[in-house]
Each structure stands twice: as structure tokens, then as C-alpha cells.
Amino acid sequence: MSDSKKCAHTACSCMTQKGEAYCSTYCESTKGTTDIMCKCGHPGCRGEATAKV
Ligand SMILES: [Zn+2]
Ligand SMILES: [Zn+2]
Ligand SMILES: [Zn+2]
């Protein structure tokens, strides 16, 4: 069963571990900020918001 969801960081495209809101402590540290860039460094993370919806 896959219970992962997208990282709560707006600009981050990572999926999180089960029960985690963020993929990394980097993303968690951006909580409350309006950072439009993600620097978590994970492969697959585009590092920027893709407002295409
Ligand atoms: Zn990221
Ligand atoms: Zn993240
Ligand atoms: Zn990440």
C-alpha cells in the first residue's frame, strides 16, 4: 500500500514518507515562508513551483 503524498513545500515535487509532511528537514525548515525554490537536493525534485493547474 502506498500512502505517500507530495511534500508540503509548495515548490517541492518530492513524495514524502508515510506520516511525514515534508520530504526533508530542508523543506520542513521552510515552513511559514514563501520560498518559491526548493533546494532539498533530491533527484527528481524540479526545485521550482510549477503552477500549471
Ligand atoms: Zn524538493
Ligand atoms: Zn520537499
Ligand atoms: Zn525532496
Side-chain angles (χ1 to χ4, degrees):
M1 244 183 277
S2 176
D3 195 27
S4 60
K5 57 186 176 183
K6 200 185 84 63
C7 177
H9 190 313
T10 308
C12 188
S13 55
C14 290
M15 302 303 285
T16 67
Q17 299 293 314
K18 182 177 183 180
E20 300 288 333
Y22 297 89
C23 71
S24 64
T25 52
Y26 167 79
C27 286
E28 189 169 16
S29 74
T30 65
K31 185 163 47 181
T33 72
T34 51
D35 198 352
I36 60 167
M37 296 293 290
C38 180
K39 294 174 186 151
C40 72
H42 289 135
C45 179
R46 289 188 292 273
E48 56 185 33
T50 54
K52 269 195 168 181
V53 181

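In listed order, ligands and their atoms are each counted from 1.
Remark: at the Zn ion (ligand 1), atom SG from C40 and atom SG from C38 enclose 100°, rounded to the nearest 10 degrees. Angle SG(C23) to the Zn ion (ligand 3) to SG(C14), rounded to 10°: 120°. With the Zn ion (ligand 1) as the vertex, SG (C12) and SG (C45) define an angle of 110°, rounded to 10°.
If you take OG on S24 and CD on Q17, they are separated by 11.0 Å, rounding to the nearest 0.5 Å. If you take OG1 on T16 and CD on E28, they are separated by 11.5 Å, rounding to the nearest 0.5 Å.
Scanning both residues, K5 and E20, for their nearest heavy atoms gives CE-O, 3.8 Å.
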Full working for side-chain contact (heavy atoms from CB on, under 4.5 Å) between H42 and C23: CA-CA 9 Å; H42 289 135; C23 71; 3.5 Å; yes
side-chain contact (heavy atoms from CB on, under 4.5 Å) assessment of C38 paired with Y26: CA-CA 9 Å; C38 180; Y26 167 79; 4.1 Å; yes
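Distance check for C7 against the Zn ion (ligand 3): none of its N/O/S atoms falls below 2.8 Å. The Zn ion (ligand 2) has an N, O or S atom of C27 inside 2.8 Å of it.
When the Zn ion (ligand 3) is compared with the N/O/S atoms of H42, atom ND1 turns out nearest.
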